[in-house]
Structures are given as structure tokens and as C-alpha cells.
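Each remark here refers to the structure printed beneath this line.
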Amino acid sequence: WEPGVYVSPKFETAREYARAHDLFHDGNYYRCVLKVVYDPDQVKKERERGGGQVVVPSCAVAIIGVIFCADDPPRKGEERFENWNDDLEVIPAKEEF
């Protein structure tokens with residue numbers, strides 16, 4: 001629809017986009033929702049469809065919190081991850097300050 005970072009002021013919308021993971025192979029699913037702030041002057045697009053979303057460039061977003069939803073299994077038809085793959089981890093480049 002539009003390149004950028006999709007954010008929503010509605011927690012339920014963000015939770016639905018978070019993929020359920022069976023992290024510990026015990027049948028319990030977890031989701032991770034990022035709490036962010038964004039620069040409203042850099043909004044590229046807004047829409048109500050899909051739970052209410054705003055699209056901004058990545059440089060206009062800052063993570064201010066992480067919400068872990070424990071015991072939150074996927075609903076019928078939702079995507080899920082049955083395991084964790086360490087090879088998919090993003091390791092930030094070493095920066096000098």
C-alpha cells in the first residue's frame with residue numbers, strides 16, 4: 001500500500017499484527033508489541049481501514065516500550081511461528097560514538 005513503518009494508536013490493531021510465537025516449545029504463545037512515538041509532521045498516509053493506521057518513514061519513529069503478551073495464542077487463520085530461529089536475528093552494526 002505504501003512503503004514505511006505502519007503504526008496504530010489502537011493496541012488491539014497492533015496486537016493482531018504481532019505474530020504469535022511458541023518460544024519455549026511448551027504450547028504457550030507469546031506476542032511482542034512495540035510502543036512507539038512518531039513525528040506527526042512526517043506522516044505519509046493515514047487510513048481507518050485495517051484497524052486505523054498511520055504510515056511514516058522509519059526515521060520518524062522511536063521505540064519507547066515493549067509489551068509482551070503472554071499466553072496469547074493465534075486465532076483461527078492467524079499466522080504463527082512454531083519455533084524461534086536465531087539465524088533470523090538482526091544484530092546491529094557496531095557503531096563508534
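The figures here come from the full heavy-atom set of this structure, side chains too, leaving out hydrogens, waters and symmetry mates.
Partners of D72 according to the salt bridge (Lys or Arg N to Asp or Glu O under 4.0 Å) rule, which considers only residues two or more places apart in sequence or in another chain, are R15, R31.
One N or O on the side chain of R80 and one on the backbone of E78 form a donor-acceptor pair closer than 3.5 Å. K44 places no side-chain N or O within donor-acceptor distance of the main-chain N or O of V5, the cut-off being under 3.5 Å.
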Under the salt bridge (Lys or Arg N to Asp or Glu O under 4.0 Å) rule, what do E48 and K10 come out as? Steps first, then yes or no, please.
CA-CA 11 Å; E48 283 305 311; K10 299 175 183 174; 3.7 Å; yes

Chi angles and distances behind the side chain to side chain contact (heavy atoms under 4.5 Å, CB included) call for C32, V66
CA-CA 7 Å; C32 177; V66 180; 3.4 Å; yes

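Residues Y38 and P57 are not in side-chain contact: their nearest non-hydrogen atoms beyond the backbone lie 4.5 Å or more apart. Side-chain atoms of P74 and R19, non-hydrogen and from C-beta on, never get closer than 4.5 Å to each other. Residues Y30 and D22 fail the side-chain proximity criterion, which asks for heavy atoms closer than 4.5 Å.
Minimum interatomic distance between P9 and G52 (heavy atoms only, all atoms of both residues): CD-O, 3.9 Å. For the pair S8 and G51, the tightest heavy-atom approach, listed with the atom from each and the gap, is OG-O, 3.7 Å. In this structure, A18 and V33 approach most closely via the heavy-atom pair CB-CG2, 4.2 Å. What you find for V56 and D39 is that their closest heavy atoms are CG1-O, 4.4 Å.
In the model, Y17 has no side-chain atom that pairs as donor or acceptor with a side-chain atom of E79 under 3.5 Å. One side chain, E82 or Y29, offers a donor N or O that lies under 3.5 Å from an acceptor on the other.
The ring of F81 has its center closer than 6.0 angstrom to the ring center of H21.
Under the side chain to side chain contact (heavy atoms under 4.5 Å, CB included) rule, Q53 has a single partner from R47, E46, K45, which is R47.
V61 and V55 sit in two unconnected hydrophobic clusters of ILVMFWY residues. Membership requires side-chain heavy atoms under 4.5 Å apart, directly or through other members. Hydrophobic clustering keeps V43 apart from Y6 (ILVMFWY residues linked when any side-chain heavy atoms are closer than 4.5 Å, directly or through intermediates).
In this structure, the separation between CG on L34 and CD1 on I63 is 4.5 Å, given to the nearest 0.5 Å.
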